[in-house]
Amino acid sequence: MITFIFLLFLFFTNPISPASIPDRFTKSLSPSFPKHKSREYFELSLPLPTNYLTPSCTLQILRHSFANTINSPPFTTPYSPPSNCSLPWSHIVLEFRAKCKGEQYDRISGLWLGGVELLRTSTAQPTQCGIFWKVRKDVTRYYSVLLQSNLNLTMMLENIVNREYTGVYHVEVAFYYYKDVVVNDKNDGVSLPFIVGNKNSGGKLGLETEKFERNLGVGAEEPADLILPISDTGDKGFWYRIESETAMRFKEIRIPKNTRRVVLEFYVSFHGNDEFWYLNPPNSYVTVNNITTGRANGAYREVFVTVDGQLAGSEVPFPVVFTGGINPLFWEPVVAIGAFNLPTYDLELTPFLGTLLDGKAHQIGIGVADGISYWLVDANLHLWLDHNSHSVEAKSKVNLNPVFRIERGSVFRQLDGSFKIKAERVCNSIGWVKWSAGNYTTTFLQSYKFNNLIRFQKNGTYKLVKQKVKANRQVKFENQVGQVIASRSVKRKYPLSVSTATLPGSRKNTYLLLTNVSHSMNEKYSNGGSKIHVHNSQDSVGWMEVRDHSVLSGKAKTKQNFMYRDKLNCYSRSVNAGDGKLLSDNATFHCLDLFAL
Ligand SMILES: *[C@@H]1O[C@H](CO)[C@@H](O)[C@H](O)[C@H]1NC(C)=O
Ligand SMILES: *[C@@H]1O[C@H](CO)[C@@H](O)[C@H](O)[C@H]1NC(C)=O
Ligand SMILES: *[C@@H]1O[C@H](CO)[C@@H](O)[C@H](O)[C@H]1NC(C)=O
Ligand SMILES: *[C@@H]1O[C@H](CO)[C@@H](O)[C@H](O)[C@H]1NC(C)=O
Ligand SMILES: *[C@@H]1O[C@H](CO)[C@@H](O)[C@H](O)[C@H]1NC(C)=O
Ligand SMILES: *[C@@H]1O[C@H](CO)[C@@H](O)[C@H](O)[C@H]1NC(C)=O
Ligand SMILES: *[C@@H]1O[C@H](CO)[C@@H](O)[C@H](O)[C@H]1NC(C)=O
């Protein structure tokens with residue numbers, strides 16, 4: 001009788017091959033995986049110029065082991081900048097180091113200073129022999145917060161440790177404060193990458209991207225004077241947990257009357273049934289086929305921000321794959337694009353100053369269109385003030401000629417079929433601000449195109465997903481006679497393709513998943529005459545044998561190409577990884593004419 005019930009249970013909970021539904025896995029510590037000594041994991045990214053310099057001050061601020069921290073409040077430690085670290089700092093870098101050993105899922109983590117988010121990161125899945133990694137992020141754009149004393153640095157990392165999941169995440173966080181460097185001209189031959197060290201440039205250190213990253217959209221401006229967190233109370237981390245489309249979150253804010261510019265930066269990550277939102281079939285497919293999964297609601301998501309109920313901007317987020325996602329063997333030792341330093345998104349809200357400047361409270365809202373449980377979202381509102389006046393004057397014309405179209409196509413018979421979604425959005429706003437430097441009109445143009453195709457074949461055991469996102473953003477400043485004084489744009493393309501075939505496994509209750517994943521992030525920045533091009537792509541091929549959520553064995557290969565180019569500098573790095581090892585790793589700062597600007 002017991003056996004009978006067990007079989008029934010299996011039958012009803014698993015009426016469909018697992019390939020149809022995306023999932024997350026852990027690497028089981030089965031002896032079939034080779035043993036290595038503790039290994040370093042990394043995310044391939046542009047090296048920071050400060051990597052090559054000695055900081056003038058260092059603050060080791062956090063050292064904590066995250067064991068069974070599920071449902072616990074975050075870890076909090078007091079922050080004050082180092083007392084004898086004289087100002088000004090040219091750069092501030094946050095360094096996050098972690099190590100872990102055992103079996104464990106990937107976990108999401110956030111770091112906040114005074115409620116302002118500084119880093120969203122996910123952990124690498126450990127091995128029996130241990131792994132470690134380091135994330136360095138330039139946090140200069142949070143200067144005004146890092147300058148303050150008696151704040152709390154808060155870190156959330158919910159982990160489960162029990163007999164099965166043994167991995168404890170040991171984390172250390174430090175801040176490094178740098179001064180402007182003067183590069184020694186006589187030091188020929190040893191040229192440090194990215195240091196524009198001639199006399200004309202005053203020995204300033206810098207990459208074009210830094211300026212953009214600090215202030216995506218209109219760059220080249222100093223960090224904001226004030227940052228207001230658009231975030232939760234902090235008892236469970238400062239992020240808002242968004243469980244559904246209707247569960248928007250709001251924050252009342254009041255901004256100084258001399259605010260002359262506003263940029264909202266949001267952080268986002270997706271989890272639970274929406275961890276792989278871009279692979280989720282529509283509800284009709286799941287219902288008709290009696291599939292027991294919450295991973296549905298179609299494959300379209302959009303994070304949007306409102307000001308007093310009006311749409312201020314939105315973004316289809318880049319689909320970051322965490323280290324347990326799709327096939328965990330793909331992401332060792334090189335993790336997926338963005339996994340250690342999730343991208344953030346900037347929206348220019350200066351055109352809204354006309355409504356925000358009345359000294360009254362206003363409501364900033366954040367939501368996820370089509371979202372299901374759950375999303376972790378919050379934002380930082382960067383404000384620049386007019387230091388020569390107590391109030392400025394502004395007027396807004398927002399949401400001019402908004403466009404939103406979405407088409408969904410769905411054809412299926414039993415477990416086979418295809419689903420298409422095509423969406424497009426255009427969002428414009430314009431406003432002038434008259435402050436002590438003059439009367440400037442800001443125009444913010446935002447648009448994106450989204451395409452997603454999901455196809456199931458072979459009775460649902462073969463699945464192909466192709467997604468394309470193209471997002472453009474432009475900010476333009478004009479003076480009172482209509483001359484454009486600054487114009488910046490960012491164009492991003494992030495295609496993704498995932499194909500999975502499911503076959504019966506060689507052992508009891510196991511199955512094989514053969515999966516290919518390709519994704520990339522292409523970015524083109526333009527700032528007046530100067531341009532930057534960044535291309536980052538990963539291609540993974542492999543298989544794994546799985547029981548429940550445990551990977552018992554498998555083979556995987558990932559190759560990644562990263563290229564950066566600006567007016568003066570180039571960087572490229574290619575890596576090949578296979579079965580947990582780095583097979584080749586070539587990097588150069590030479591401009592190889594690999595791709596044009
Ligand atoms: C298709 O898959 C379902 C669920 O796994 C199974 O019940 C059915 O027998 C399969 N049909 C064929 C023709 O293989
Ligand atoms: C700051 O003070 C500490 C302890 O007094 C000292 O160890 C450190 O070297 C000083 N740093 C600087 C930049 O002077
Ligand atoms: C910092 O956190 C402690 C306890 O975790 C709390 O008592 C204190 O009020 C916090 N300080 C600030 C400035 O938020
Ligand atoms: C789904 O369940 C319903 C009701 O239990 C049943 O009538 C239908 O045949 C099932 N469909 C499939 C594809 O198993
Ligand atoms: C600022 O400039 C805009 C556009 O040129 C103009 O419409 C507005 O009247 C000006 N505001 C003031 C206070 O001069
Ligand atoms: C993965 O790609 C290889 C060729 O690169 C191809 O032979 C294989 O069929 C693909 N697998 C899947 C599941 O699409
Ligand atoms: C990497 O560099 C090595 C030696 O410099 C070279 O032999 C190899 O072909 C390069 N590999 C790639 C993929 O460029």
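FYI, the numbering just counts along the sequence from 1.
Taking each heavy atom of Ile366 and Ala379 in turn, the nearest pair found is CD1-CB, 3.9 Å. The shortest non-hydrogen separation linking His382 to Ala224 is CB-CB, 3.7 Å.
In this structure, CZ on Arg573 lies 11.0 Å from CG on Leu46, to the nearest 0.5 angstrom. To the nearest 0.5 Å, atom CG of residue Leu376 and atom CZ of residue Phe238 are 14.0 Å apart. Residue Glu332 holds its CD atom at 10.5 Å from NZ of Lys581, rounded to the nearest 0.5 Å. Residue Thr558 holds its OG1 atom at 8.5 Å from CG of Asp539, rounded to the nearest 0.5 Å. Here the NZ-CD1 distance, from Lys524 to Ile532, works out to 13.0 Å after rounding to the nearest 0.5 Å.
By the salt bridge (charged side-chain N to carboxylate O under 4.0 Å, His left out) test, Glu95 pairs with Arg97, Arg136, sequence neighbours left out. When the ring pair (Phe, Tyr, Trp, His ring centres under 6.0 Å) test is applied to Tyr79, the partners found at least two apart in sequence or on another chain are Phe175. Under the rule for a ring pair (Phe, Tyr, Trp, His ring centres under 6.0 Å), the partners of Phe266 that lie at least two apart in sequence or sit in another chain are Tyr345. Residues satisfying the side chain to side chain contact (heavy atoms under 4.5 Å, CB included) criterion with Ser537, sequence neighbours excluded, are Ser520, His535, Asn561. Applying the salt bridge (charged side-chain N to carboxylate O under 4.0 Å, His left out) test to Arg301 and every residue at least two apart in sequence or in another chain returns Asp274. Checked against salt bridge (charged side-chain N to carboxylate O under 4.0 Å, His left out), Asp225 has no partners two or more places apart in sequence or in another chain.
Put simply, the side chain of Arg39 gets close to the backbone of Gly580: a donor and an acceptor are under 3.5 Å apart. When atom types are taken as modelled, the side chain of Thr443 and the backbone of Ile430 share no donor-acceptor pair closer than 3.5 angstrom. Asn159 contributes a side-chain N or O that, together with a main-chain N or O of Gly167, makes up a donor-acceptor pair within less than 3.5 Å. A donor-acceptor distance shorter than 3.5 angstrom exists from the side chain of Ser122 to the backbone of Ala339, with no hydrogens or angles considered. Although no hydrogens or angles enter the test, the distance criterion places a donor-acceptor pair under 3.5 Å between the side chain of Thr123 and the main chain of Arg107. With Ser389 contributing its side chain and Ser391 its backbone, the two residues share a donor-acceptor pair below 3.5 Å. Under a 3.5 Å cut-off, the side chain of Lys257 and the backbone N or O of His390 do not form any donor-acceptor pair. A donor-acceptor pair under 3.5 Å links the side-chain atoms of Thr69 to the main chain of Leu157, judged by distance alone. Side chain of Ser526 to main chain of Ser489: no donor-acceptor pair is present (N/O by atom type, distance under 3.5 Å, no hydrogens or angles). Checked by atom type and distance alone, the side chain of Thr588 pairs as donor or acceptor with a backbone atom of His590 at under 3.5 Å.
Between the side chains of Ser584 and Asn576, a donor-acceptor pair is found at a separation under 3.5 Å. Using a 3.5 Å distance cut-off with no hydrogens or angles, the side chains of Ser436 and Asp386 do pair a donor with an acceptor.
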Using the rule given for salt bridge (charged side-chain N to carboxylate O under 4.0 Å, His left out), can you reason through Glu172 versus Lys99, listing the C-alpha separation, both sets of side-chain angles and the distance that settles it, and then say yes or no? CA-CA 9 Å; Glu172 287 179 25; Lys99 56 187 185 188; 5.7 Å; no

Is there a side-chain hydrogen bond (donor to acceptor under 3.5 Å, both in side chains) between Gln560 and Asn536? Walk through the geometry before answering. CA-CA 7 Å; Gln560 182 165 9; Asn536 191 0; 2.7 Å; yes

Criterion side-chain hydrogen bond (donor to acceptor under 3.5 Å, both in side chains) on Thr350 and Glu348, from CA distance to verdict: CA-CA 6 Å; Thr350 308; Glu348 181 75 39; 2.4 Å; yes

Go through the steps for Tyr169 and Gln104 under the test side-chain hydrogen bond (donor to acceptor under 3.5 Å, both in side chains), then give the verdict. CA-CA 9 Å; Tyr169 288 105; Gln104 194 50 268; 5.6 Å; no

Is there a side-chain hydrogen bond (donor to acceptor under 3.5 Å, both in side chains) between Asn152 and Thr154? Walk through the geometry before answering. CA-CA 6 Å; Asn152 280 334; Thr154 305; 5.6 Å; no

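Taking the six-membered ring where the residue is Trp, Trp133 and Phe96 present tilted rings, their angle falling between 30° and 60°. Ring pair Tyr143/Trp89 is tilted by interplanar angle, where 30° to 60° counts as tilted. Aromatic ring pairs are classed by plane angle as parallel below 30°, tilted from 30° to 60° and perpendicular above 60°; the pair His519 and Trp331 is tilted. Ring geometry for Tyr571 versus Phe589: interplanar angle of 30 to 60°, hence tilted. Using a 30° and 60° split on the angle between ring planes, His271 and Phe322 fall in the parallel class, below 30°.
None of Val263, Leu349, Val116, Leu226 except one satisfies the side chain to side chain contact (heavy atoms under 4.5 Å, CB included) rule with Leu381; the exception is Leu349. Exactly one residue among Trp239, Phe270, Tyr267 makes a ring-ring contact (aromatic ring centres under 6.0 Å, His included) with Trp375. That residue is Phe270.
Between Glu40 and Lys134 there is no salt bridge, since none of the side-chain N atoms of the basic residue sits less than 4.0 Å from a carboxylate O of the acidic one. Between Arg249 and Asp232 there is a salt bridge, since at least one side-chain N of the basic residue sits less than 4.0 Å from a carboxylate O of the acidic one. A salt bridge links Arg141 to Glu265: one of the charged nitrogens lies within less than 4.0 Å of a carboxylate oxygen.
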